[in-house]
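The structure under discussion appears below in the form of C-alpha cells.
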Amino acid sequence: MRPLAIAVLATALLAAATPGAGADTSTSAGSVAAPGPAVHQAADTQLDAKAIYFVSYDGLVNNNAFQKNGLLTYKGYQYAAWYTADRSAVIGRRALTQQSWQTVTLPHRLTADDSHNVISMGISRTDGRLHLNMDSHSSGFFYVKSAAGLVDDPAGHPWATGQFGAVQTTLDGLALTSQFTYPQFIATPEGRLQLSYRVGVSGNGRNALAEYDGTTWRALGEWSSATGTYSSEHGSSAARNMYLHGIDYGPDGRLQAFYTWREQSNAVMCASGGLTNHDTGYVYSSDRGRTWRTAAGAVVGTTGGSDTVAVGDAGTVVDPLNPDHSLMNQESQATDSAGAPHALISYVPGRFGQCTTDYVADRTKNGRTFHVFKDTAGTWKKTEIPVAPGSTQRSHLVFDAYDNAYAVMPYGRIVAASKSSGWTDWKTLYDGSGLNAFGEVVVDDTRLAQDGVLSFMYQRKSSGTTPSALRVVDFTLPS
C-alpha cells in the first residue's frame with residue numbers, strides 16, 4: 001500500500017522546511033484556541049478526459065487508496081501517474097500555482113485488466129529523480145526513472161519523453177522477484193529512496209524492502225513471514241501474508257507499519273464468502289527498516305534475517321479481531337506531529353452478527369470505519385467513525401498542521417475529528433456529491449506540508465469499459 005502536514009510526513013519526501021511545523025495547539029489565558037478541522041474546495045482540475053475504466057476487485061486501476069504514490073508533491077510541483085484509454089502509462093505535472101497539467105506518455109501499456117496493477121511514484125532527493133514502478137500483480141514489474149535533477153529544477157527541465165529513461169523489468173539490473181505486488185516508495189529522512197513490495201501471492205507472501213542511495217539499488221531483504229500456524233475457533237491455516245495499511249517515516253525518524261494478516265486457508269472462517277483477514281498489528285523500525293519492534297520496543301524481526309515478523313509474535317496485535325468480520329486489508333495509516341501512530345481500519349462490527357457470509361454485501365450494508373491510535377500514555381484506543389462507508393472500499397487518513405484528523409472516505413467524502421476532542425467528534429465536512437466519484441480516491445500524502453492543501457485524485461463513475469474523466473480536487477485546510 002506511501003507521507004502529511006508535519007502531522008503525517010508520511011514519506012519524508014518533505015524533510016525540508018514544513019509550514020506549520022511545531023504549531024502549538026494548546027490554549028492558555030489570553031491565547032487563541034487552535035482551529036478545529038475545516039475544508040474549503042479550492043480547485044478541481046482534469047488530468048484526462050478519457051482515462052481507462054474497468055472494475056476489478058471492486059476497484060479501478062487508477063484509483064486504489066493503497067496506491068503510494070499515485071499523486072505527490074515536491075518543491076512546488078505536483079505529479080500524477082495513470083493509464084489513459086489506450087492503456088498507455090501517463091505522467092502529469094503542474095506547478096501548484098497553476099491548474100493546467102503537462103503530460104508525458106511513456107512507452108508502456110497496461111498488460112492486464114487488473115486493478116492491482118497500479119502506478120506508484122517516488123522521489124530520490126539525493127539525485128533529484130522521479131521513479132515509477134507499475135503494472136504488476138504477483139508477476140514481474142516495469143520500472144522507469146527520470147533524468148537526474150528533474151524534480152529539483154522542474155521549471156528548468158522540459159516535460160518531455162526524453163527526460164525519462166527506458167522502461168525496465170529490473171531496478172537498474174537488480175531483479176527482485178517474479179511474484180511482485182504492491183510497490184510503495186518511501187523516502188528516508190536523509191533522502192535515500194526505499195521500495196516496499198510483496199514477494200509471493202495473496203495468502204502466502206512476504207514483505208520486503210529495496211533501497212536506492214542515489215547511485216545503486218540493493219535488496220535489503222524480506223521482513224515478514226508467511227509461515228507458522230494460526231488457529232481460530234473454526235480451523236487452522238499454515239500460510240498467510242501481511243497486508244500493510246501503510247509504511248511511512250514519522251517526524252521522529254521511525255518507520256512505522258500497521259497491518260492485517262490474510263490466511264491462506266478458508267478453514268479459519270465461519271463461511272467461505274468472507275475474508276480470512278484478522279487482527280490489526282503494528283511494528284516500527286528505528287534503523288531505516290533493518291530491525292522491527294513492537295510498540296513496547298521488543299525486537300520481533302530483522303530484515304533479510306532468519307527471524308522475520310510472524311503471526312504469533314507477542315505484542316504485535318493492537319486490535320484483535322477474528323476472521324469472521326470481513327476486516328479490510330491495506331486501509332490507511334498516518335503519524336501525528338508528536339510521532340504517535342494512527343490507523344483507519346474497517347470491518348462489520350459484531351452488533352450486525354458474528355459471521356459475514358458475503359463480504360461485498362455485508363461490508364456494503366454494515367461495514368464501519370474505526371480510528372485506532374496510541375495516546376500519550378502509550379495506550380491503544382479505538383473510535384468508531386459515525387459515518388458508514390456504504391461500500392466495500394477503503395478510506396484514507398491525513399492530519400492538518402494542528403493535528404486535526406481527516407478521513408477521505410469512498411466517493412470522496414471527507415469526515416474529520418479535532419485533536420482537542422481526542423479525535424472523538426467525527427463529522428462530515430464534505431459529502432462528495434458533486435464529484436460523481438467511483439469509489440476509492442488517491443490522496444496526495446505529501447502536499448499538506450507544502451501549502452496546507454488536501455488534494456486527491458478521483459475518477460468519475462462509468463459503466464463497463466467506457467473511459468471516464470480522471471481529476472484532481474483540492475481543499476484548503478487550517479494552516
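These numbers come from a predicted model, not from an experiment.
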Given 3.5 Å as the limit, does a donor-acceptor pair link the side chain of D313 with the main chain of T316, or not? no
Would a distance-only check, ignoring hydrogens and angles, find a side-chain to backbone donor-acceptor pair under 3.5 Å from D279 to L321? yes
Determine the interplanar angle of the H116 and H137 rings, folded into 0 to 90°, and report it as parallel if under 30°, tilted if 30 to 60°, perpendicular if over 60°. parallel
Parallel, tilted or perpendicular: which one describes the rings of F142 and H108, with boundaries at 30° and 60°? tilted
Flag the pair [X] and [Y] as a salt bridge only when some basic side-chain nitrogen lies within less than 4.0 angstrom of an acidic carboxylate oxygen.
X    : Y    : result
R94  : D474 : yes
E190 : R288 : yes
R394 : E331 : no

Steps toward salt bridge (Lys or Arg N to Asp or Glu O under 4.0 Å) verdict (K374, D336): CA-CA 10 Å; K374 190 172 73 168; D336 67 26; over 6 Å; no
Nearest 0.5 Å, please: how far is CG in N404 from CG in L477? 9.0 Å
Using the side chain to side chain donor-acceptor pair (under 3.5 Å) rule, take Q264 and S237 through it: C-alpha gap first, then chi angles, then the decisive distance, then the call. CA-CA 6 Å; Q264 184 182 60; S237 175; 5.7 Å; no
Identify the residue among Y406, F373, W380 that makes a ring pair (Phe, Tyr, Trp, His ring centres under 6.0 Å) with H342. F373
For the residue pair S232 and N322, confirm or rule out a side-chain donor-acceptor distance under 3.5 Å. no
Do S225 and T227 meet the criterion of a side-chain donor-acceptor pair at a distance under 3.5 Å? yes
Centroid separation under 6.0 Å, is that true for the rings of W159 and F164? yes
